[in-house]
There are 2 protein chains.
Amino acid sequence: MPKETFFNLPDDKRNLIISAAIEEFSGASYNEASINQICSKSKIPKGSFYQYFEDKLDLYVYIMSLAIKEKIKFFSSALTEFNTLTLMEQIRLLFLKGIEFSREYPQYAALGEQFTKENDEMAKSEVLKEGTKQSETLFSQMINNAKAKGEINKDVDTLALSLLLQSLNSAINNYMQDKYGNSNYETYQEDVNNFVDSLLNIIFNGIK
Amino acid sequence: MPKETFFNLPDDKRNLIISAAIEEFSGASYNEASINQICSKSKIPKGSFYQYFEDKLDLYVYIMSLAIKEKIKFFSSALTEFNTLTLMEQIRLLFLKGIEFSREYPQYAALGEQFTKENDEMAKSEVLKEGTKQSETLFSQMINNAKAKGEINKDVDTLALSLLLQSLNSAINNYMQDKYGNSNYETYQEDVNNFVDSLLNIIFNGIK
DNA sequence: TTATTATATGACCACATGGTCATATTGTCA
DNA sequence: TGACAATATGACCATGTGGTCATATAATAA
């Protein structure tokens, strides 16, 4: 955790440091990212940096945990209505929410994307200590739940389907970000819905 | 391309350098990978390195092109029998071949994995100049082909299915590598087949 | 005012990086 | 043997890194 001095900083200054760090860590891996760059971007001397943070890892974990916190907050609103939905509606909601998150918080989404690429084991494990990955188990729970209700065939392999949904979810986000990254919102919203429905149609009805 | 001096080297020495470079580039990004490390691993002085290669990028592109060449060679044998197969059989073959490749050439698979994570635009574009990515179009071709034959429903979105298959393919490879990375071959072969069939079953028959 | 504590600051450190280059060694012809 | 080219080599360079620390400044309390 950052030192108390950091949290005593005026909001403007603190936020400037945070956004400089987000910028740096969303475009480079942990080892490639540079503290010197973050310092000059946020216009603080090197010495001040170490007055605010224990070390590079301290800042990295803090920034990543901000992104995780925001994502959980963003999804939690949708999660309350989850029990009233069928599996297909649940998955649909999850996919759409994921795309929406990338749209609304592109910097945080970029941080997440960068984290999935991370090579440094120490940096990875320290972040995972903070935010336990719940998406994997979330899909599994949803599937087993739907099986119990008789919504989907019991012969379907839970692990296989969970893996499929997970990989699909991240693939969709990347694809949408690439294609509609900067376009206007009107055509976008419709295309997104159509595309997600195409995918769900494949998964639920097969392609035969 | 490496200089002539490099190709004039005795096989042993040349291969030692190559494998040291593979090791380095499969565990670190382009910028994180270190020439000093490669030199000391392969026991050649720094000066000799620059007698063999133009610069770091030269070596990087060369090593990646070796991996690409090997993968194409590995898949090409399977591709000849492709026309006689149904779409499901084609996909099945592709998935299984992919897993087999990761098993047989783990270093090359790791290189490919690392390349998908690469941040450095220059390094990325130089490699892509060498090996054009054909997997994306390959899936699309297969799907349209199967539609024409009436093998699968024409209403299925080609792009969506192609994206699904692609992301699934890489997800499978990662999953299998994680789970069976070092285990024995007996139970492995059977499990792999079952798992791939579970996935194909979902895609072709839906989960309802 | 003075004493004490919390910050701010940039010169500095040891180390690693990609890359160079003058020099030494070897191989190959005549 | 001598001459010329091909290689081998490691000290060296400028630059960047994460991190430290003595000192200067500001804020607070008596």
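Worth knowing before you read on, the calculation uses all heavy atoms, side chains too, and leaves out hydrogens, waters and symmetry mates. Per chain, numbering begins at 1; letters A, B, ... match sequence-line order.
A/Y108 does not carry A/K71 over the face of its six-membered ring by the limits of under 6.0 Å from the centre and within 45° of the normal.
At distances below 3.5 Å, at least one donor-acceptor pair connects side-chain atoms of A/K56 with backbone N or O atoms of A/Y30. A/K147 places a side-chain N or O within donor-acceptor distance of the main-chain N or O of A/V156, the cut-off being under 3.5 Å. B/S162 contributes no side-chain N or O that, together with a main-chain N or O of B/T158, makes up a donor-acceptor pair within less than 3.5 Å.
Each side-chain hydrogen bond (donor to acceptor under 3.5 Å, both in side chains) pair with one or both residues in residues 79-94 of chain A, not counting sequence neighbours, appears once here: A/T86-A/E89, A/R92-A/D197. Applying the side-chain hydrogen bond (donor to acceptor under 3.5 Å, both in side chains) test to every pair with at least one member in residues 14-23 of chain A, sequence neighbours left out, gives these pairs: A/D11-A/R14. Sorted by first then second residue, the side-chain hydrogen bond (donor to acceptor under 3.5 Å, both in side chains) pairs that include residues 34-45 of chain B, not counting sequence neighbours, are B/E24-B/K41, B/N36-B/K46.
Contacts between residues 31-43 of chain A and DNA chain D, counted as heavy-atom distances below 4.0 Å, involve A/A33, A/S34, A/I35, A/N36. Annotation: proximity of residues 45-53 of chain A to DNA chain C (heavy atom, distance under 4.0 Å) is found for A/P45, A/G47, A/S48, A/Q51, A/Y52, numbered in ascending order.
Side-chain N/O atoms of A/N8 include one lying less than 4.0 angstrom from OP1 or OP2 on C/dT7.
For the pair B/K13 NZ and C/dT26 P, the interatomic distance rounds to 12 Å; values are reported in whole Å. The CG atom of A/D55 sits 17 Å away from the P atom of D/dT17 (whole-angstrom rounding). Residue A/L9 contributes atom CG, which lies 10 Å from atom C1' of C/dT7 at whole-angstrom precision. Straight-line distance from the CD atom of A/E4 to the P atom of C/dT5: 16 Å, rounded to whole Å. In this structure, NZ of B/K56 is placed 4 Å from P of C/dG18, rounded to the nearest angstrom. For A/E54 and D/dG18, the CD to C1' distance is 14 Å, given to the nearest whole Å. Look at CZ on A/F7: it is 17 Å from C1' on C/dT7, rounded to the nearest Å.
When the side-chain hydrogen bond (donor to acceptor under 3.5 Å, both in side chains) test is applied to A/K117, the partners found at least two apart in sequence or on another chain are B/N119.
Note on A/E126 versus A/K129: salt bridge recorded, some NZ/NE/NH1/NH2 to OD/OE distance being below 4.0 Å.
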